[in-house]
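What follows is a single structure, written as structure tokens, with notes after it.
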Amino acid sequence: MKITEHLSNAKKTLFSFEILPPLKGENIDNLYNHIDPLMEFNPPFIDVTYHREEFVYKKRENGLLEKKSIRKRPGTVGICAAIKNKYNVDTVPHIICGGFNKEETENALIDLNFLGIDNVLLLQGDAIKTESVFVAENGGHKYASDLLGQVVDMNKGKYLDEDLLNANPTDFCIGVAGYPEKHFAAPNLKTDMKYLKMKVDMGADYIVTQMFFDNKKYFEFVKKCREMGINVPIIPGLKPLTTKRQLNVLPRIFYIDLPEELADAVEKCKDDKQVRQVGIEWTIKQSKELVKFGVPVLHYYSMGKSNSVLNIAKELF
Ligand SMILES: Cc1cc2nc3c(=O)[nH]c(=O)nc-3n(C[C@H](O)[C@H](O)[C@H](O)COP(=O)(O)OP(=O)(O)OC[C@H]3O[C@@H](n4cnc5c(N)ncnc54)[C@H](O)[C@@H]3O)c2cc1C
């Protein structure tokens, strides 16, 4: 079922979460152990992230360095199908521009369609760690909007091969990312939102936000979206803090601010166990306020650790 159908059928705020595919070599049972306790709260869908290759240099016997491409977390499509099969829940694979040409993207979308996966979250994708800026693949897409154009075409039965006659149209429900605190590469929020509006005008059905720790940022973002004529559902993404280190790491990686009150509370913690408790309480407070605001879904970035999200879900759902 499409995310938009889940949302319009919902009688109250729904619960959903995002997981990462296991590291290469890990057993999928670890992931199931993480998902199992969260199923009690009836998530209508689970997002599965996509992770690009990384390049590492290995020293050969002759002393020369060899550049090797490594995919640490493959398996997004397989995991989506496995979860859908095991739990009878919808899954949302994240599809990225980086690392794929259009042909490969089309083939992946055909696989997803055959597997009965109705939703995709379309993203530019993170730059490779060894590249300072995102570089599009030869024959691939640069922006999420370009990728969206391809999916919208397929939803109209238009595939890359122009000679293909009477091709079956796909029917993907399309999600895109939005940034209440601006995407790091955008010169300002207004410009960033102009491109967000472009994605919605082109056919995106809903938006999922980057994590934020101050609800005011989300409320202002939604207000601005509505003023600009962005009228699709805007799903808030929330992440419970779990370590003191994240005070510095999250702002650096995700270009977000942590409110003073939260940062002070975390600073006072003696260990990460205490930080986890602060993170849970903060996210519960955020969640309750967002429910009052009338958000359609609370979407949690669980990062493969269910404990905090489980405690939050117990309070709310
Ligand atoms: C909810 C969520 C889930 C994510 N999941 C993943 C994941 O699974 N895997 C992963 O690798 N990354 C993931 N990311 C990270 C994401 O890939 C990065 O934030 C990336 O840098 C931007 O992606 P985007 O789709 O928002 O990009 P875009 O919409 O392409 O925007 C990128 C930048 O370009 C600008 N821009 C957009 N369109 C145009 C245009 N036509 N012309 C000029 N400028 C333009 C925007 O303002 C922005 O600054 C996720 C992010 C979010 C918020």
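Positions are given from 1, in the same order as the sequence printed here. Read the numbers this way: they start at 1 and go in the same order the structure lists the ligands and their atoms. Side chains included, hydrogens not; waters and symmetry mates left out as well; all remaining heavy atoms used.
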Atoms in ligand 1 with a heavy atom of [X] nearer than 4.0 Å:
X      : result
Thr49  : 8 (O)
Ala177 : 26 (O), 52 (C), 53 (C)
Ala186 : 47 (O), 49 (O)
Ala185 : 49 (O)
Phe184 : 21 (O)
Tyr301 : 1 (C)
Gly125 : 10 (C), 11 (O), 12 (N), 17 (O), 20 (C)
Ser145 : 41 (N)

Closer than 4.0 angstrom, basic N to acidic O: yes or no for [X] and [Y]?
X      : Y      : answer
Asp201 : Lys197 : yes
Lys285 : Glu281 : no
Lys129 : Glu54  : yes
Glu53  : Lys72  : no

Contacts under 3.5 angstrom, residues 169-179 side chains, donor-acceptor by atom type, not counting sequence neighbours:
residue : atom : partner : partner atom : Å
Thr170  : OG1  : Met154  : O            : 3.2
Thr170  : OG1  : Asn155  : N            : 3.3
Thr170  : OG1  : Asn155  : OD1          : 2.7
Asp171  : OD1  : Lys2    : NZ           : 2.8
Asp171  : OD2  : Lys2    : NZ           : 3.4

Quick check on Asn166: does its CG atom have over 12 non-hydrogen neighbours (other residues, nucleotides or ligands) under 6.0 Å away? no

Which part of Tyr143 is near ligand 1, with near meaning a heavy atom under 4.0 Å away: side chain, backbone, both or neither? both

Structural part of His183 in contact with ligand 1, heavy atom criterion under 4.0 angstrom: side chain

Which of the listed options, Val176, Leu123, Asn188, Val208, holds the heavy atom that is closest to atom 50 (C) of ligand 1? Leu123

Shortest heavy-atom approach to atom 29 (O) of ligand 1 - which of Lys199, Met198, Gln124: Lys199

Tyr179-ligand 1 polar pair, N/O distance under 3.5 Å: yes

Lys182 to Tyr255 six-membered ring, cation-pi geometry met (6.0 Å, 45°):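 Relative to the ring axis of Tyr255, which defines the angle, Lys182 lies outside at least one limit.
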
Does Phe55 have any ring-ring contact (aromatic ring centres under 6.0 Å, His included) partners at least two apart in sequence or in another chain, and if so, which? none

Do the two ring centres, one from Phe17 and one from Tyr300, sit under 6.0 Å apart? no

State whether any protein heavy atom lies less than 4.0 Å from atom 17 (O) of ligand 1. yes

